[in-house]
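Below is one structure, written out as structure tokens; comments come after it.
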Amino acid sequence: MRKLYPDAMLERLEWRRDIRNLMGRLSADYAVREEGSAYKRYWSRREDVCLGVNEGWYVGPETVAGYYAALEDEIVLGGKCVQKDFPDKLAGFSDEQLHGVGGISYIPVDSQIIEIADDGATAKGLFNIRGSYSRITTSGPIAYWLFGWAAVDFIMEDGQWRIWHMQWLRNVDVQCGTPFGTAPKKFPEMAAYAPMADFHMPEPTVKTTLMENYYTDRPFTKSPKAPEPYETFDDTFSYGM
């Protein structure tokens, strides 16, 4: 690692603040049900962006943008479903007023480990995710616990840090009030809480298992690797596929 002079060290402290704020703003957008805007606000415009979730990879700008657009579609459709269930309270509400009704998505990111490349062109971060969210189902809003990780490669574009590759992995994703070890495949009665029939997330570009949601007999599963100091991106590993 090269020696840094005071002005370069100060710049890197500012960059760390910017990266923390980027992830904090992403978390805040989830809390106010604006996650559908995440691609436009925070992602790189490169052609090789990718987003990894438990079920696989969304590869390329169109597909990653489509993932977040689907989150927005779910929010909009969920508000309309809740309006049908509570016509006395929500009759006459506009689409804007209905946006996010019946849902919550409190997903803080913390315990950050951030490393910035010596050349200042890229950075890496590993963050804990822990919180709760709700989904609109055939039985109304159902709340879930969520614990996992965001593992991110950042890239500097036009003087701003942007998300280049990200793994958004769910370690514990289970209905509130049930044991963390509860797995839907072992508890078929959970199927009673069926999702909205009119909503479907787009399939990942590459379907594979990046992480299996925790259940009692799940084999030991490692967290994503923590970033280490590095000179250029060629000298380190990637959180992309």
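Of the inter-residue distances, the one linking Thr63 atom OG1 with Tyr39 atom OH reads 9.5 Å to the nearest 0.5 angstrom. We find the NZ-CE distance between Lys222 and Met211 to be 11.5 Å, quoted to the nearest 0.5 Å. Here the NZ-NE2 distance, from Lys80 to His99, works out to 11.0 Å after rounding to the nearest 0.5 Å. Rounded to the nearest 0.5 Å, atoms OG (Ser132) and OH (Tyr144) are 12.5 Å apart. Between the CE atom of Met156 and the CD1 atom of Ile116 there is a distance of 8.0 Å, given to the nearest 0.5 Å. One finds the CD atom of Glu11 at 10.5 Å from the CG atom of Leu13 (value rounded to the nearest 0.5 Å).
For the pair Arg135 (side chain) and Ala143 (backbone), a donor-acceptor distance under 3.5 Å is absent. In this structure, the side chain of Gln83 engages the main chain of Leu90 through a donor-acceptor pair within 3.5 Å. A distance-only check finds a donor-acceptor pair linking the side chain of Ser27 to the backbone of Ile107 [under 3.5 Å]. Here the side chain of Thr122 pairs no donor or acceptor atom with the backbone of Ile155 at under 3.5 angstrom. No donor-acceptor distance shorter than 3.5 angstrom exists from the side chain of Thr236 to the backbone of Phe233, with no hydrogens or angles considered.
Under a hydrophobic-cluster definition in which Ile, Leu, Val, Met, Phe, Trp and Tyr are linked whenever side-chain heavy atoms come within less than 4.5 Å, directly or via other members, Tyr106 and Trp145 are assigned to different clusters. Cluster membership for Ile129 and Tyr67, using ILVMFWY side-chain heavy atoms within less than 4.5 angstrom, is shared. Residue Tyr133 is not grouped with residue Ile104 when hydrophobic side chains (ILVMFWY) are merged at heavy-atom distances under 4.5 angstrom, including chains of intermediate members. At a threshold of 4.5 Å between side-chain heavy atoms, the hydrophobic network of Ile, Leu, Val, Met, Phe, Trp and Tyr places Val49 and Phe237 in two separate groups. Using a 4.5 Å cut-off between side-chain heavy atoms of Ile, Leu, Val, Met, Phe, Trp and Tyr, with links allowed through other members, Met166 and Ile114 fall into the same hydrophobic cluster.
Closest of all the heavy-atom pairs between Ala123 and Ile19 is CB-CD1, 3.6 Å. Of all heavy-atom pairs spanning Pro141 and Ile136, the tightest one is CG-CD1, 3.8 Å. The two residues Trp57 and Cys50 have their closest heavy-atom pair at CZ3-SG, 3.9 Å. For the pair Leu126 and Pro227, the tightest heavy-atom approach, listed with the atom from each and the gap, is CB-CD, 3.7 Å.
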* **CA sep, side-chain torsions, deciding dist, call: Tyr58, Val53, side-chain contact (heavy atoms from CB on, under 4.5 Å)** => CA-CA 8 Å; Tyr58 294 88; Val53 297; 3.8 Å; yes
Audit row: Asn54, Leu169, side-chain contact (heavy atoms from CB on, under 4.5 Å) steps and yes/no: CA-CA 6 Å; Asn54 285 37; Leu169 301 178; 4.1 Å; yes
Does Trp43 form a side-chain contact (heavy atoms from CB on, under 4.5 Å) with Tyr68? I'd like the steps, not just the answer.
CA-CA 11 Å; Trp43 278 78; Tyr68 289 104; 3.3 Å; yes
Checklist entry - Hey, mind stepping through Arg20 and Gln112 against side-chain contact (heavy atoms from CB on, under 4.5 Å) and telling me if it holds? => result CA-CA 8 Å; Arg20 289 195 301 269; Gln112 68 272 353; 3.2 Å; yes
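Residues in residues 88-112 take part in these salt bridge (Lys or Arg N to Asp or Glu O under 4.0 Å) pairs, two or more places apart or across chains: Asp110-Arg130. Sorted by first then second residue, the salt bridge (Lys or Arg N to Asp or Glu O under 4.0 Å) pairs that include residues 46-64, not counting sequence neighbours, are Arg46-Asp48, Glu55-Arg170. For the ring pair (Phe, Tyr, Trp, His ring centres under 6.0 Å) condition, the pairs that include at least one residue of residues 11-30, sequence neighbours left out, are Trp15-Trp161, Tyr30-Trp168. Applying the salt bridge (Lys or Arg N to Asp or Glu O under 4.0 Å) rule to pairs touching residues 22-39 yields Asp29-Arg41, Arg33-Glu35, sequence neighbours excluded.
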Could you tabulate the donor-acceptor pairs under 3.5 Å formed by side-chain atoms of residues 201-209, not counting sequence neighbours?
from: Glu203; atom 1: OE1; to: Lys207; atom 2: NZ; distance (Å): 3.1
from: Thr205; atom 1: OG1; to: Val59; atom 2: N; distance (Å): 3.1

Hey, can you pull the donor-acceptor pairs under 3.5 Å for the side chains in residues 146-154, sequence neighbours left out?
from: Trp149; atom 1: NE1; to: Asn128; atom 2: OD1; distance (Å): 3.2
from: Asp153; atom 1: OD1; to: Lys124; atom 2: NZ; distance (Å): 2.5
from: Asp153; atom 1: OD2; to: His165; atom 2: ND1; distance (Å): 2.8
from: Asp153; atom 1: OD2; to: Ser238; atom 2: OG; distance (Å): 3.2
from: Asp153; atom 1: OD2; to: Tyr239; atom 2: N; distance (Å): 2.7

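Listed by chain and number, the residues in a ring pair (Phe, Tyr, Trp, His ring centres under 6.0 Å) with Tyr42 amount to none (sequence neighbours excluded). For Gln97, the side-chain contact (heavy atoms from CB on, under 4.5 Å) test picks out Phe93, Ser94, with sequence neighbours left out. Residues passing the ring pair (Phe, Tyr, Trp, His ring centres under 6.0 Å) test with Phe127: none are found, sequence neighbours excluded. For the salt bridge (Lys or Arg N to Asp or Glu O under 4.0 Å) test, no residue two or more places apart in sequence or in another chain qualifies with Asp235. Residues passing the side chain to side chain donor-acceptor pair (under 3.5 Å) test with Thr221 are Arg218, sequence neighbours excluded. Every side-chain contact (heavy atoms from CB on, under 4.5 Å) that Lys40 has, sequence neighbours left out, goes to Arg45.
Counted by atom type alone, Tyr230 and Asp119 present zero donor-acceptor pairs between their side chains at under 3.5 Å.
Between Glu72 and Ile75 there is a side-chain heavy-atom pair separated by less than 4.5 Å.
Of the candidates Arg162, Gln160, Glu157, Glu157 is the only one forming a side chain to side chain donor-acceptor pair (under 3.5 Å) with Ser44.
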